[in-house]
Q: 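Mind looking over this structure? Questions follow.
Nothing here was measured: the structure is a model prediction, and the numbers come from that model. Sequence lines set the chain letters: A, B, ... in the order given, protein chains first and strands last, and positions in each chain run from 1.
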Amino acid sequence: MYKEAEKLLRSVIGDEEITFSDTPNPALGDFSTTVAFNLAKKKKKNPKEIAEEIVSLLKEKEKRYIKEIKNAGPYLNFYVNYNTFGYDLLRKIMERDWDIEEKKEKVIIEHTSTNPNKPLHMGHLRNAILGDTLARIFRFLRYNTEIQNYIDDLGIQVAETLWGYKNLRFEKNKKFDHLLGEIYVEVEKIKDKRIEREIKELNREMERSDISREFVERCVEAQLKTLSDLKIHYDVLIFESDLVRSGIFDEAYEKMKQCENIVLETEGENKGCLVMKLGNVFPDMENPDKVLIRSDGTATYTGKDIAYHLWKFGLVKRNMKYKKWNSLYLSSDTGEAMNFGRGDIVINVIGVEQSYPQQVVRLSLELLGYRDKAENFYHLAYEHVSLPEEKFSGRKGTWIGYTGDELLEEALLKAMEEVESRRPDLPEEKKMRIAKAVAMGAVRYNIIKYAPEKKITFRWKDALNFEGDSSPYIQYAHARCCSILKKAELQDFDPDFSDPEEKELIKTLYKFLFEIKKACDLKRPHLLTKYLNDLATVFNSFYNSLKVIGSEKESQRLALVKATQIILKEGLQLLGIEALEEM
RNA sequence: GGGCCCGUAGCCUAGGGGAUAGGGCAACAGCCUCCUAAGCUGUGGAUCGCGGGUUCGAAUCCCGCCGGGCCCGCCA
């Protein structure tokens, strides 16, 4: 309907920018535009007169989906012909004809990238859920999408934990990541000069040989278990050690050295370091230069990250090998060559605190002459999840009691309780299935529904809320649809969409693709939860005021229910939440 | 010193130039002889942090404050 409205407007106003929005109330039509204001400014005329003029010019034009166009002062209000529009829309939805063309660009989304020495806490989950949801959205819009998880297996934290694993006594019958998390906290507590020396030595040994690989893989496997419970999956795990051993990093550093803005300092405090000069970009910064390679020849975190991104964008010749590992691939020094990397668009889901280093990575691409790559480099920054009293700290162990596993377990208990009290009639196995889907959905939804730049204070009460703006609310609307659909057969109908609830539902269904595209363009997946919540609300209101089965308009309402069910299901899938048929 | 983000009812939050600022939680009052009440309807509750400015029009854009957070390492 927007398309038709736009076409009509174009025929009289030409290239002027047009946007549509909802009217404040149905008496003023179904949607509106404010183009008359803008035209008035340009033509120095009264906006109301312009609106009137447009209305009269469009009066006689042929329309299929628009019934009428009126002006209310300077506002242009469109009245939709719900019979033609609704009928066509429902048919398209039922055919799942989304009209999305396949995209040429390859998108690489990196998310999670948690140090492999601890269990995931809610902050890590926020990262993974953001990344996973965004990836699902990109895939739905038919981008070639690759999900990477970067494993920093050479970091000092791994060395510290490995040291503790070898030298301290612990109950080892725990999930491996939890065990390591506790070891890490303990090492941080007892660490002294001697231990630190041993850890440093161990770290050097890790870089020379693969002594830590199995240890790290075990931890990653345990972390990935938590994530797969949340239906979060990856295409490939990139181990830092493989980037080093494949020679990719060295090749990238050589490339960086060719750049005139990246120089080997011969004097000053950065003497002997390879430094990126950013004085022009950040003139007011105390120390705008960024060290990429230290005077001892080792790379800094940012240096490595730049090298990694040169690889991600396909700007280095060397490549890694990969081996199949459960349902995904991981980089390896033996194995097969694969086509990972070589992205056109790179999205990194990384905390806000890394905005500056991320900006440096983007700038490095620009300085190296890859302007187009720099433009397609996005840092999806998100704020942290904290407890009412304090922040999560891996070192201090404030995450204990708040790991992803514990959250899921708690949610499952609560969900089981709810199912038990609401549906005692169901067989145990079914109750369990529903509880799992509800628990998992509640966790995902409650984390993704907030705009990424908002800090989240974790409270059990909110996290385990199954009412209102929550996953079960939407799952429930979906189950209601299914329940109706089970009781009758779909058939063709002569449309007569006259009830306000029917019209509102049609309008809301129509917005699905716009909202997804918006969420994708802005890289703000929470927009999708807002939309689905709206749709569920509109449907519930329809459900409560209109009868479907046994009504005179049964066939058309069944079609509405079917379309709603399809969109709710698609939407829930994009959020990685199971659309239950019964609950 | 500089940069970025946040500030919307008791609590959480949407909206980032357009018509009366949407929701949710909590509170209160109704609604199951009718497709699942994890639902629906209604009531109360907002100087959109403060002060200027731009605009026909500002929660939204600009400037200045105030409050909170983050960043500017040869740490990761």
Side-chain angles (χ1 to χ4, degrees), chain A residues 19 21-25 28 32-34 37 40-41 46-47 72-75 77 115 152 155-157 265 269-275 278 282-288 290-296 298-305 351-357 359-360 381 383-384 386 391 415 418-419 421-423 438 442 449-457 459 461-462 465-477 479-488 526-527 529-530 533-534 536-537 539-551 554 557-558 561 582-583:
Chain A
T19 53
S21 61
D22 287 344
T23 55
N25 81 64
L28 293 168
S32 72
T33 178
T34 55
F37 285 108
K41 193 169 283 177
N46 183 334
Y75 291 94
N77 294 333
N115 279 323
D152 182 6
I156 195 80
Q157 279 126 327
E265 296 281 19
E269 56 175 353
N270 290 335
K271 189 176 174 193
C273 299
L274 188 70
V275 171
L278 293 169
F282 304 109
D284 295 322
M285 231 161 69
E286 261 177 41
N287 184 8
K290 193 82 192 167
V291 173
L292 304 181
I293 296 182
R294 304 181 186 98
S295 50
D296 67 2
T298 60
T300 60
Y301 175 85
T302 306
K304 289 184 205 170
D305 216 21
V352 258
E353 73 282 2
Q354 289 195 43
S355 292
Y356 174 64
Q359 206 185 346
V360 171
E383 265 291 353
H384 281 214
S386 59
K391 287 201 246 181
E418 294 292 326
V419 177
S421 77
R422 292 167 205 270
R423 299 299 305 274
V438 165
K449 77 172 178 178
Y450 300 106
E453 67 275 13
K454 289 272 186 189
K455 293 179 199 65
I456 297 179
T457 303
R459 292 184 184 91
K461 181 175 80 57
D462 300 334
N465 171 37
F466 294 169
E467 282 163 22
D469 184 13
S470 70
S471 161
Y473 177 82
I474 296 163
Q475 287 170 306
Y476 189 72
R480 273 180 156 175
C481 291
C482 291
S483 166
I484 293 173
L485 292 165
K486 259 181 240 158
K487 297 193 165 83
H526 74 285
L527 295 176
T529 64
K530 179 74 170 69
N533 189 252
D534 285 350
T537 301
F539 173 74
N540 277 330
S541 169
F542 163 92
Y543 178 92
N544 269 280
S545 45
L546 302 176
K547 214 171 154 61
V548 177
I549 290 161
S551 104
E554 176 173 310
R557 287 188 185 158
L558 267 177
V561 172
E582 190 181 2
M583 62 189 281

Q: For the side chain of A:M583, counting heavy atoms from C-beta on, which of B:A38, B:C70, B:C40 is nearest?
A: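 Of the options given, the side chain of A:M583 lies nearest B:A38.
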
Q: Decide, applying a 5.5 Å centre-distance limit and a 30° plane-angle limit (both strict), whether A:Y75 stacks on B:A19.
A: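 Stacking between A:Y75 and B:A19: present.
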
Q: Is there a donor N/O on one and an acceptor N/O on the other, under 3.5 Å, for the side chain of A:T300 and the base of B:C74?
A: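 By the distance-only test, no, there is no pair.
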
Q: For A:N77, which contact category applies under a 4.0 Å heavy-atom criterion: base, sugar-phosphate, or nothing?
A: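 The answer is base, as A:N77 lies within the cut-off (heavy atoms under 4.0 Å) of a base atom.
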
Q: For a quick check of understanding: with a heavy-atom distance under 4.0 Å over all strands, which category does A:K547 fall into, base, sugar-phosphate or nothing?
A: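 A:K547: base contact, heavy atoms under 4.0 Å.
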
Q: With a 4.0 Å cut-off on heavy atoms, is A:L485 in touch with a base, just the backbone sugar-phosphate, or nothing at all?
A: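 Counting heavy atoms under 4.0 Å across all strands, no contact is made by A:L485.
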
Q: Report which part of the nucleic acid A:F466 touches: base, sugar-phosphate, or nothing (heavy-atom distance under 4.0 Å, all strands).
A: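 Since a base atom lies under 4.0 Å of A:F466, the category is base.
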
Q: Within the 4.0 Å heavy-atom criterion, would you say A:Q157 contacts the bases, only the backbone, or no part of the nucleic acid?
A: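 Sugar-phosphate, backbone atoms only, no base.
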
Q: Using a heavy-atom cut-off of 4.0 Å across all strands, would you classify A:S295 as base, sugar-phosphate, or nothing?
A: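 Since a base atom lies under 4.0 Å of A:S295, the category is base.
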
Q: May I ask you to say what A:A488 touches in the nucleic acid, namely base, sugar-phosphate or nothing, with a heavy-atom cut-off under 4.0 Å?
A: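 No contact.
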
Q: Just call it for A:K271: base, sugar-phosphate, or nothing, with non-hydrogen atoms closer than 4.0 Å on any strand.
A: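 Base: the residue A:K271, judged by heavy atoms under 4.0 Å, touches a nucleobase.
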
Q: For A:H384, which contact category applies under a 4.0 Å heavy-atom criterion: base, sugar-phosphate, or nothing?
A: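 No contact at all - A:H384 keeps every heavy atom at 4.0 Å or more from the nucleic acid.
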
Q: Sequence neighbours left out, what passes salt bridge (Lys or Arg N to Asp or Glu O under 4.0 Å) with A:R294? Give chain and number order.
A: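 Counting only residues at least two positions away or on another chain, A:R294 forms no salt bridge (Lys or Arg N to Asp or Glu O under 4.0 Å).
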
Q: Assess whether one donor atom and one acceptor atom, taken from the side chain of A:D22 and the base of B:A19, lie less than 3.5 Å apart.
A: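 Not at all, since no donor on one side and acceptor on the other fall under 3.5 Å apart.
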
Q: Does the B:U13 base have a donor-acceptor partner in the side chain of A:D469 within less than 3.5 Å?
A: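 No, no donor-acceptor pair under 3.5 Å.
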
Q: Does a side-chain N or O from A:K454 land closer than 4.0 Å to OP1 or OP2 of B:G7, or not?
A: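 Yes, A:K454 has a side-chain N/O under 4.0 Å of OP1/OP2 on B:G7.
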
Q: How would you list, by chain and number, every residue that makes a ring-ring contact (aromatic ring centres under 6.0 Å, His included) with A:F542, sequence neighbours excluded?
A: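 A:F542 satisfies ring-ring contact (aromatic ring centres under 6.0 Å, His included) with A:F539 once adjacent residues are dropped.
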
Q: Between B:A19 and A:T23, counting only base atoms on the nucleotide and side-chain atoms on the residue, is there a donor-acceptor pair under 3.5 Å?
A: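 Answer no: no donor N or O sits under 3.5 Å from an acceptor.
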
Q: Please map the stems of RNA chain B, keeping only stretches of three or more Watson-Crick or G-U wobble pairs with both distances under 3.5 angstrom.
A: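 The stems that RNA chain B takes part in, listed by first number, are B:1-7 with B:66-72, B:10-13 with B:22-25, B:27-31 with B:39-43, B:49-53 with B:61-65.
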
Q: Using the C1' atom as the reference point in each nucleotide, state the distance between B:U47 and B:C5 in Å, no decimals.
A: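 It works out to 25 Å between them.
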
